[in-house]
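Each remark here refers to the structure printed beneath this line.
Ligands are counted one by one from 1 in listed order, and the atoms in each one are counted from 1 as well. When a residue number appears, it is its place in the shown sequence, counting from 1.
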Amino acid sequence: MSNYHVKTLEEYFQLYRKSVRNPELFWEEIAEEHFVWRKKWDTVLEYDFSKPEFKWFEGAKLNITENCIDRHIHIRGDKTAILFEPNNPDEEAEHISYKELHKRVCKFANVLKEQGIKKGDRVCIYLPMIPELAISILACARIGAVHSVVFAGFSSTALATRINDCEAKMVITSDGSYRGAKTIDLKSIVDEALESCSSIETVLVAKRIHSDIELKEGRDKWLQPLLEEAYQDCVPEIMDAEDPLFILYTSGSTGSPKGMLHTTAGYMVYTAYTFKNVFNYKENDIYWCTADIGWITGHSYIVYGPLANGATTVMFEGVPSYPDFGRFWEIVEKHKITQFYTAPTAIRALAKENLDFVDSHDLSSLKVLGTVGEPINEEAWHWYNDNVGKKKNPIVDTWWQTETGGIMISPLPYLTPTKPTYATLPLPGIQLALIDENGKEIKGNQVDGRLCVKYPWPSMARSIWGNHQRYKETYFSAYDNMYFTGDGALRDEVGYYRITGRVDDVIIVSGHNLGTAPIEDSVNEHPAVAESAIVGFPHDVKGNALYGYVILKETGEERNQDNLRKEINQIITEHIGPIAKLDKIQFVEGLPKTRSGKIMRRILRKIAHNELDNLGDVSTLLNPEVVQNIIKERL
Ligand code: 7RM
């Protein structure tokens with residue numbers, strides 16, 4: 001029996017029990033069977049929650065790119081590794097085979113070396129979704145440099161903060177990027193950022209939009225001519241299991257971004273194992289994750305997980321709305337996508353549009369659909385299931401975090417019966433706990449609490465770059481001997497998990513703990529509502545009262561706003577109770593969102609509190625422009 005691929009639900013439960021009885025044996029068997037090790041480990045796991053310190057596969061030696069590229073060349077060298085679909089549908093898609101990927105990564109790695117990058121140096125990558133992004137990540141990993149990808153929609157201030165925090169020596173960027181009908185001048189954002197970054201020695205600039213930009217003498221270099229000159233083979237740097245692989249910044253609820261540090265062997269084993277099982281990946285599948293590589297979903301499930309399995313992974317440069325709202329489905333049809341992995345926010349945005357955009361495309365190649373990033377509401381789940389999956393494709397609602405490195409809770413396609421809005425069961429190897437207000441574990445089913453993980457897993461972040469104390473305080477200090485996720489969850493009568501949202505999104509109204517997520521779900525059930533976000537604001541009598549920001553569907557007809565408010569509160573009363581009624585309901589055009597589609601309730605909270613002076617850096621938002629409108633029309 002292969003531990004790597006679970007084939008029946010019974011096998012899932014068996015494997016799950018085994019992983020709890022003997023976690024080290026469980027992970028060892030997975031690591032044994034499927035990877036190229038230059039040297040095997042001495043110990044599978046050593047850990048200490050109080051430090052906290054976690055070491056997986058200590059003593060092992062490997063290079064992750066050998067696992068993601070070299071070993072595939074002999075058996076599937078001509079198979080497409082990366083399928084690049086450009087922003088402009090008239091531009092031809094690019095199929096990069098495993099052989100070619102090897103050559104391009106090696107050349108890039110040699111350029112990095114020539115430019116003075118060594119093992120352990122930090123390289124900041126600020127690129128749009130073009131092949132050079134994946135290739136530069138792998139080139140860093142090839143030579144043991146630590147990559148820190150910054151999403152190419154972030155502002156110069158956000159970029160500078162992230163460069164300075166890890167003291168990167170190099171930035172890799174492009175002359176610009178395409179996003180729908182727009183072009184963005186990335187290089188001038190980098191120039192601005194670098195005015196306040198002293199650690200950067202070199203900037204490599206990829207040509208994408210062929211704009212007329214200036215290179216700064218001695219610092220900036222065009223990438224392509226260097227690549228042409230470079231030698232096409234590069235011996236991989238042999239890394240220790242716990243050597244840093246990358247840093248990825250995630251915004252904390254307060255203060256500066258946290259540079260989550262991931263290391264080599266555990267991350268590789270876990271992303272490969274989860275990719276294979278969660279997407280039920282088979283050799284000739286064409287897998288597409290629509291996330292940007294600038295966030296963890298792209299790292300784990302566009303680059304490392306798929307390539308470690310020898311898969312074909314699609315990279316899409318554009319946006320779901322360009323040239324029209326049918327673009328995703330056009331791409332599914334064009335490349336015969338078998339697994340499609342996206343975010344609830346994208347599903348909701350597309351569900352607002354005419355169904356013809358979906359129905360006019362042949363989606364019969366699809367086998368598995370996935371979601372990630374936020375709780376998916378019932379309505380969006382059904383829209384996805386009915387219209388995209390035609391009720392025949394399982395939906396894997398995958399719960400995980402930048403900090404967890406890989407998927408933690410998810411159905412296994414065709415094995416786990418799905419249930420709308422439920423991420424369902426932990427993957428074998430993942431031991432969850434729900435904790436009550438007194439810090440005690442809640443046993444049994446039909447309960448809810450704070451979601452924790454009570455045993456280490458291979459892809460957990462090992463630290464926050466330069467601030468181990470903050471790592472300890474944020475994740476390991478709330479409860480002893482556990483990792484605290486910051487999310488709340490409930491466990492239903494059969495043991496399925498449903499993530500209810502961040503626990504900091506809980507508001508106490510007249511002494512009642514109210515989670516914003518279930519109230520938002522109720523609001524969203526009103527047929528006129530497209531999306532909503534709820535925050536608390538101070539109230540003389542109740543302590544806090546609820547403030548709802550609501551986006552209406554575009555129907556073209558005028559609606560009486562006061563009636564809508566009454567109807568929305570009526571639904572809340574029926575679903576939750578009058579205690580959860582909204583005191584204020586503001587109709588808005590858009591909600592402030594992160595680039596990965598998460599609503600920034602922190603900003604809405606400040607607006608509702610009338611604290612308008614310190615909204616923080618809104619430039620990292622997907623849509624900073626909505627903030628001013630919300631402020632102007634606040635109630
Ligand atoms: C992968 C990613 C992590 C936070 C996490 C949750 C929320 C993610 C789901 C979800 C409900 C899901 N990394 N979240 N997936 N909530 N159901 N399937 O998103 O670091 O950017 O965010 O996202 O709150 O803690 S992340």
Mutual orientation of the aromatic rings belonging to Phe49 and Tyr47 [parallel < 30°, tilted 30-60°, perpendicular > 60°]: perpendicular

Whether Phe154 and Phe151 hold their rings parallel, tilted or perpendicular, with breakpoints at 30° and 60°: perpendicular

Pairs satisfying ring-ring contact (aromatic ring centres under 6.0 Å, His included), at least one member in residues 389-435, at least two apart: Tyr301-Trp400

Exercise: do His382 and Asn387 side chains pair donor with acceptor under 3.5 Å: no

Side-chain H-bond candidate by donor/acceptor type, Gln339 with Tyr281, under 3.5 Å: no

Residue shell around ligand 1, heavy atom under 4.0 angstrom: Trp295, Ile296, Thr297, Val372, Gly373, Glu374, Pro375, Asp397, Thr398, Trp399, Trp400, Gln401, Thr402, Asp487, Ile499, Arg502, Lys598

Taking every non-hydrogen atom, the tightest pair across Thr500 and Leu490: CG2-CD2, 4.2 Å

